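Worksheet: one structure, shown below.
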Amino acid sequence: MYPPIRLLDHIIKGRGTTPTRWIRCIITRFRTKFLNAAAATESCTAVNKNSHSSSSLIVDEFTRFCYQRDLPRAIHALHSMQKYKLWADSITYSELIQCCLARRAIHHGRLVHKHLFSYGHRPKTFLMNILLNMYVKFKLLEEAQALFDQMPDRNVVSWTTMIAAYTNATMLRDKAFQFLILMLRDGITPNMFTYSSVLRACNGLPSLRQLHSSIMKTGLDSDVFVRSALIDIYSKLGELHDALRIFNEMVTGDLVVWNSIIGAFAQNTDGDEALNLFRRMKRAGFLADQATLTSTLRACTGLALLELGRQVHVHVLKFHRDLILDNALLDMYCKCGSLKDANSAFTRMGEKDVISWSTMIIGLAQNGFSREALQLFESMKASGTKPNYITVLGVLFACSHAGLVEDGQFYFQSMRKCFGIDPGREHYGCMVDLLGRAGKLDEAVNLIHEMECEPDAVTWRTLLGACRVHRNTDLAIYSAKQILNLESKDAGTYVILSNIYANSQRWEDVAQVRRVMRDQGVRKEPGCSWIEVNKQIHAFILGDMSHPQIEAINMELNQLIRRLKELGYVPDTDFVLQDLEGEQKEDSLSHHSEKLAIVFGMMSLSREKTIRIRKNLRICGDCHLFAKLLAKMEHRNIVIRDPVRYHHFSSGVCSCGDYW
DNA sequence: TTAGGGTTAG
């Protein structure tokens with residue numbers, strides 16, 4: 001027998017002493033934890049031998065059922081106690097309430113609450129806190145608040161429970177701060193529990209810095225919970241330097257703090273740093289858990305590192321099924337453009353939630369399988385999973401990227417009625433895209449004017465993109481001006497505007513745009529493409545000659561272009577964003593970063609391997625044509641991921657059907 | 001004896 005149990009048995013059997021009910025409960029609880037329910041029952045029976053009154057028997061029986069976690073019997077016994085106006089001790093009730101929580105039995109929880117307050121009886125603060133926590137965990141904040149208002153004595157736990165409750169309710173985060181102030185006015189000192197909760201409620205740097213300095217004064221910033229909350233909130237507010245500084249100041253880690261900092265970089269699209277930290281963590285001797293792997297997968301997803309992602313997948317298999325991790329794995333395969341792996345991961349999932357379905361729908365749509373995405377959406381509805389804001393966005397995205405105008409309009413018009421989702425700015429954006437791509441520019445403009453919320457720069461950029469495709473100069477200039485009113489330093493828009501003027505030979509306007517760009521210090525982000533070869537990431541930037549094999553790559557590229565021209569390839573110079581002429585125009589196109597990356601991939605990877613490229617800007621028409629023809633001529637599979645979607649090139653065609 | 005931090009889809 002576990003040694004402390006012997007000692008407890010010694011106490012229980014008593015040598016003449018009768019343990020108080022409180023001690024007996026502790027013993028029963030101890031036995032439940034370390035032995036089993038039968039042993040707990042045995043110790044209750046041992047206690048009962050000393051009890052003679054029937055009321056004591058009823059209470060003891062209730063106690064036993066509570067510790068055995070036999071909810072129906074415990075509730076049944078509770079009714080008897082209620083009839084005889086009997087009460088058990090606080091710890092027994094706390095066991096019962098925890099049991100109600102675990103079984104999601106709110107009805108029984110409310111019954112216990114009623115019992116505790118019947119006949120003018122008032123439970124201790126400790127027990128009221130347990131009840132408070134129960135309502136919070138059931139997300140019944142109004143009931144929690146009502147109970148809190150009734151409490152004659154509120155201690156630091158009562159206040160912290162409410163603060164944590166409001167922090168978790170995103171819409172009510174301001175209340176968490178108000179409660180901290182009220183708590184201080186009430187003379188209650190916050191502790192590490194309070195701070196680790198309230199930190200997440202900070203919505204801006206000033207409030208965070210102020211709170212951080214109060215925490216520093218108490219010295220509680222050394223607490224690991226407070227520290228990881230600090231790292232997390234600084235990174236969520238985009239202050240990664242502060243997050244990393246707090247992390248580095250730490251003397252010893254624990255796993256969650258590592259997870260905080262890895263998650264911070266993975267979410268802030270700095271996957272490289274996240275992966276570096278992951279390696280550092282492993283060197284420091286920590287074993288990754290589900291949260292670590294989820295963040296690591298997200299970093300792979302952001303960087304489109306399929307091979308590394310597959311390695312993480314091997315680690316994932318060592319763990320029990322975890323829905324969040326499974327979803328991250330699914331997204332990784334979708335975003336790395338490997339739909340085959342994504343499909344098998346999706347099929348193998350034990351449990352699927354709205355995120356799993358949405359990830360797969362969006363993944364299919366982005367990879368050019370719009371019809372399949374819509375079919376999956378129908379299966380999702382049939383499975384009983386309710387679509388949300390993002391699911392519908394994925395569905396509309398699928399329609400707009402395949403020119404399915406009627407389907408898109410149907411889903412858009414029925415989303416409120418069928419799924420109870422109000423169309424947001426992003427849904428309108430998808431519709432503007434859908435109509436714009438299909439050449440229905442007037443309808444797209446009308447829709448923008450009908451929007452229930454203000455259009456933003458993204459909405460206008462969508463329209464501008466459609467204007468470029470359908471060569472509507474006037475509307476393009478109008479859209480560009482709308483964008484620049486909202487975002488005066490948007491480099492891409494200036495470049496497009498100057499290009500539109502150049503195509504219309506309006507050289508004075510071109511000069512004017514260039515002048516504004518110079519005066520405002522606007523610089524266009526250079527095109528950059530990445531490719532993973534032998535676990536190394538190779539970056540190609542337009543105009544950058546630093547890659548060690550750049551000369552060989554350029555020679556190979558020029559040769560390929562010559563051979564493609566013999567087969568009828570004509571560079572599409574419409575995409576040149578400068579007012580250059582003839583040969584020069586063609587030359588600036590021929591060194592777009594994705595072309596360099598593709599050629600490098602061809603030189604480095606065996607023919608059966610897919611060449612996978614990720615790039616920071618959208619692919620231009622000329623590179624698209626180049627990739628299609630090259631895929632055919634060289635019998636290669638090429639996948640290019642741009643910031644919006646994927647292009648799978650094979651046998652001279654692209655999965656996007658030249659519609660993007 | 002009760003309360004706290006990190007992980008997934010646009």
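So that the names make sense, note that chain A is the first sequence line, chain B the second, and so on, each numbered from 1. Note that the structure is a prediction, hence the values are computed from the model and not measured.
- A distance of 6.0 Å or more separates the ring centres of A:Phe117 and A:His121.
- Relative to the side chain of A:Thr161, the nucleotides B:dT7, B:dT1, B:dA3 differ in distance, and B:dA3 lies closest.
- Side-chain N/O atoms of A:Gln267 include one lying less than 4.0 angstrom from OP1 or OP2 on B:dT8.
- Distances were taken from every side-chain heavy atom of A:Gln366 (C-beta onward) to each of B:dT2, B:dA3, B:dG10; the shortest belongs to B:dG10.
- Within 6.0 Å of atom CD in A:Glu249, more than 12 heavy atoms from other residues, nucleotides or ligands are found, so the atom counts as buried in its surroundings.
- The side-chain hydrogen bond (donor to acceptor under 3.5 Å, both in side chains) search around A:Lys615 returns A:Glu594, not counting sequence neighbours.
- At least one side-chain nitrogen or oxygen of A:Arg298 sits closer than 4.0 Å to the OP1 or OP2 atom of B:dA9.
- Residue contacts for A:Thr359: at a heavy-atom cut-off of 4.0 Å it reaches the sugar-phosphate backbone alone, with no base atom in range.
- Of the candidate nucleotides B:dA3, B:dT2, B:dA9, B:dA3 has the atom lying nearest to any side-chain atom of A:Asn191.
- Neither OP1 nor OP2 of B:dA9 sits under 4.0 Å from any side-chain N or O of A:Asn327.
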Could you tabulate the donor-acceptor pairs under 3.5 Å formed by side-chain atoms of residues 130-137 of chain A, not counting sequence neighbours?
from, atom 1, to, atom 2, distance (Å)
A:Asn133, OD1, A:Lys137, NZ, 2.9
A:Tyr135, OH, A:His113, ND1, 2.6

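- A:Ser260 comes within 4.0 angstrom of the backbone, heavy atoms only, and of no base.
- Considering only side-chain N and O atoms, A:Lys236 lies under 4.0 angstrom from the phosphate OP1 or OP2 of B:dT7.
- Here the nucleotide nearest the side chain of A:Ala164, chosen from B:dT7, B:dG4, B:dT2, is B:dG4.
- Distance CD1 (A:Ile188) to C1' (B:dA3): 14 Å, rounded to an integer number of Å.
- Among the protein residues, A:Ile390 comes within range of the nucleic acid bases, having at least one heavy atom under 4.0 Å from a base atom.
- One interatomic measurement links the two molecules: CD1 of A:Ile246 to C1' of B:dG5, which rounds to 13 Å at whole-angstrom precision.
- Here A:Tyr333 pairs with A:His313 under the ring pair (Phe, Tyr, Trp, His ring centres under 6.0 Å) rule; sequence neighbours left out.
- In this structure, the nucleotide among B:dA9, B:dG5, B:dA3 sitting nearest to the side chain of A:Val157 is B:dA3.
- Looking at heavy-atom distances under 4.0 Å, A:Ile362 makes contact with sugar-phosphate atoms alone, never a base.
- Taking atom CG on A:Asp221 and atom C1' on B:dG5, their separation rounds to 14 Å, with Å as the unit.
- Listed by residue number, A:Asp331, A:Lys335, A:Ile355 are the residues of residues 331-357 of chain A with a heavy-atom contact under 4.0 Å to DNA chain B.
- Evaluation of the side-chain hydrogen bond (donor to acceptor under 3.5 Å, both in side chains) rule for A:Tyr646 yields no partner, not counting sequence neighbours.
- Nucleic acid contact class of A:Asp223 (heavy atoms, under 4.0 Å, all strands): base.
- Of the side-chain N and O atoms in A:Arg200, none sit less than 4.0 angstrom from OP1 or OP2 of B:dG4.
- Side chain A:Ser196 to base B:dG4: a donor-acceptor pair is found below 3.5 Å.
- In this view, A:Phe346 and A:Trp357 satisfy the ring pair (Phe, Tyr, Trp, His ring centres under 6.0 Å) rule, not counting sequence neighbours.
- A cation-pi arrangement is found for A:Arg154 relative to A:Phe148, the charged atom lying closer than 6.0 Å to the ring centre and inside a 45° cone about the ring normal.
- Of the candidate nucleotides B:dT7, B:dT2, B:dG4, B:dG4 has the atom nearest to the side chain of A:Met192.
- Scanning atom types as modelled, one donor and one acceptor separated by under 3.5 angstrom connect the side chain of A:Ser228 and the base of B:dG5.
- Using a 4.0 Å heavy-atom distance criterion, A:Ser295 is classed as a sugar-phosphate-only contact.
- Using a 4.0 Å heavy-atom distance criterion, A:Tyr389 is classed as a base contact.
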